[in-house]
Amino acid sequence: MKFLLDGMLRGLARWLRFLGWDAQILQRWEADEIRRWYQREPDRVFVSRSRAHVEAWPGQFKVLLSSDDVAEQLQQLNERFSLVQPDLFLSRCSRCNQPLVAVRPEAVRGKVPERVFERFREFYLCPGCQRIYWEGGHVERLIKKLQRMGLFFSPNCSNQMNETGRPT
Ligand SMILES: [Zn+2]
């Protein structure tokens with residue numbers, strides 16, 4: 001399952017990516033852009049706050065969101081698609097939507113803070129923006145935030161990660 005989000009839904013896209021889902025953003029609501037997406041990937045689930053946009057999307061799968069609040073948007077999608085899947089959690093770059101790839105620690109020497117390099121053994125790279133991710137306390141905060149939004153995880157989550165340059 002892959003999502004295509006209307007341009008107004010960048011906040012939601014970020015959360016979907018944290019959860020591991022492919023969430024692309026429709027940059028412009030223009031006939032050419034819509035046709036391009038639909039021809040390439042007609043099965044993407046189109047998500048919008050605009051009834052007119054949802055009705056105009058030519059694809060079969062679409063969701064009209066009923067709230068402007070990101071938490072409520074996530075809940076609405078979660079009811080329909082069961083978004084919380086531990087194997088997918090944090091398997092994707094939240095910035096550019098690319099799946100992360102595991103890299104050997106030697107490959108990130110000098111690219112992450114020394115204390116991080118010494119403490120963690122598993123690192124992941126975004127092939128798109130080159131950002132490096134690792135397991136860290138940031139993940140717990142992320143899970144708590146998701147739980148506050150009504151999305152629940154089982155206790156053992158694989159792929160728990162932090163990321164470079166992120167203020168914690
Ligand atoms: Zn990236």
State, to 0.1 Å, how close Ile25 and Ala13 come at their nearest heavy-atom pair, and which atoms those are.
CD1-CB, 3.8 Å
Thinking salt bridges, do Arg36 and Glu33 make one under a 4.0 Å N-O criterion?
yes
Let me confirm one number: the CG-CG distance from Leu26 to Leu4, rounded to the nearest 0.5 Å.
5.0 Å
Apply the test side-chain contact (heavy atoms from CB on, under 4.5 Å) to residues Glu55 and Arg51: give CA-CA distance (whole Å), side-chain angles for both, the deciding distance (0.1 Å), then the verdict.
CA-CA 6 Å; Glu55 281 170 6; Arg51 182 176 296 277; 3.5 Å; yes
In the structure I gave you, are the side-chain heavy atoms of Arg44 and Asp22 within less than 4.5 Å of one another anywhere?
yes
I'd like to know if the side chain of Asn97 and the backbone of Ala23 have a donor-acceptor N/O pair within less than 3.5 Å.
yes
Is there a side-chain contact between Val84 and Leu146 in this structure, where contact means two heavy atoms from C-beta onward sitting under 4.5 Å apart?
no
Carefully, step by step, assess Glu135 and Val139 under the rule side-chain contact (heavy atoms from CB on, under 4.5 Å).
CA-CA 7 Å; Glu135 296 185 15; Val139 173; over 6 Å; no
Can you tell me how far CD1 of Ile143 sits from CG of Leu90, rounded to the nearest 0.5 angstrom?
7.5 Å
Considering non-hydrogen atoms only, spot the tightest contact between Phe123 and Phe120 and give its length.
CE1-O, 3.3 Å
Minimal non-hydrogen separation, Pro58 against Ile34, with atom names
CD-CG2, 3.8 Å
Minimum heavy-atom separation for Pro105 to Phe117, with atom names?
O-CE1, 3.1 Å
Supply the atom-to-atom distance Leu5 CG to Leu16 CG, rounded to the nearest 0.5 angstrom.
6.0 Å
If hydrophobic clusters are built by linking Ile, Leu, Val, Met, Phe, Trp and Tyr wherever their side-chain heavy atoms come under 4.5 Å apart, do Met1 and Phe46 end up in the same one?
no
For the student: nearest non-hydrogen atoms of Ser91 and Gly20, plus distance
OG-CA, 3.8 Å
Hey, does the side chain of Lys62 reach the backbone of Val54 with a donor-acceptor pair shorter than 3.5 angstrom?
yes
With rounding to the nearest 0.5 angstrom, report the CG to CG distance, Leu74 to Leu65.
9.5 Å
Can you measure from CG (Leu83) to CD (Gln75) and round to the nearest 0.5 angstrom?
11.0 Å
Mind checking whether Phe3 and Trp21 have parallel, tilted or perpendicular rings, split at 30° and 60°?
perpendicular
Would you confirm whether Arg17, through its side chain, and Cys93, through its main-chain N or O, come within 3.5 Å as a donor-acceptor pair?
no
Distance from Arg104 atom CZ to Glu122 atom CD, nearest 0.5 Å?
14.5 Å
Under 3.5 Å, side chain of Arg10 to main-chain N/O of Asp6, donor-acceptor pair present?
no
Could you check whether atom CZ of Arg121 has more than 12 heavy atoms from other residues, nucleotides or ligands sitting under 6.0 Å from it?
yes
Quick one: is the NZ or CZ of Arg92 closer than 6.0 Å to the six-membered ring centre of Phe89, and within 45° of its axis?
no
Would a single hydrophobic cluster contain both Met8 and Trp29, if residues Ile, Leu, Val, Met, Phe, Trp and Tyr are joined by side-chain heavy-atom contacts under 4.5 Å?
no
Classify the ring geometry between Tyr38 and Trp57 as parallel (under 30°), tilted (30 to 60°) or perpendicular (over 60°).
perpendicular
Minimum heavy-atom distance Ser48-Leu9, with the two atoms named:
CA-CD1, 3.8 Å
Pairing donors with acceptors under 3.5 angstrom, does anything connect the side chains of Gln76 and Ser67?
no
Could you go through the side-chain contact (heavy atoms from CB on, under 4.5 Å) check for Trp15 and Leu142 one step at a time?
CA-CA 10 Å; Trp15 281 104; Leu142 205 56; 3.8 Å; yes
Cation-pi between Arg40 and Trp37: NZ/CZ under 6.0 Å from ring centre and within 45° of the ring axis?
yes
In one Ile/Leu/Val/Met/Phe/Trp/Tyr side-chain cluster, 4.5 Å: Leu64, Val70:
no
What's the verdict on side-chain contact (heavy atoms from CB on, under 4.5 Å) for Leu151 and Leu19, showing C-alpha distance, side-chain angles and the deciding distance?
CA-CA 10 Å; Leu151 284 83; Leu19 289 162; 4.0 Å; yes
Donor-acceptor pair, distance only, cut-off 3.5 Å: does the side chain of Glu72 make one with the backbone of Ser66?
no
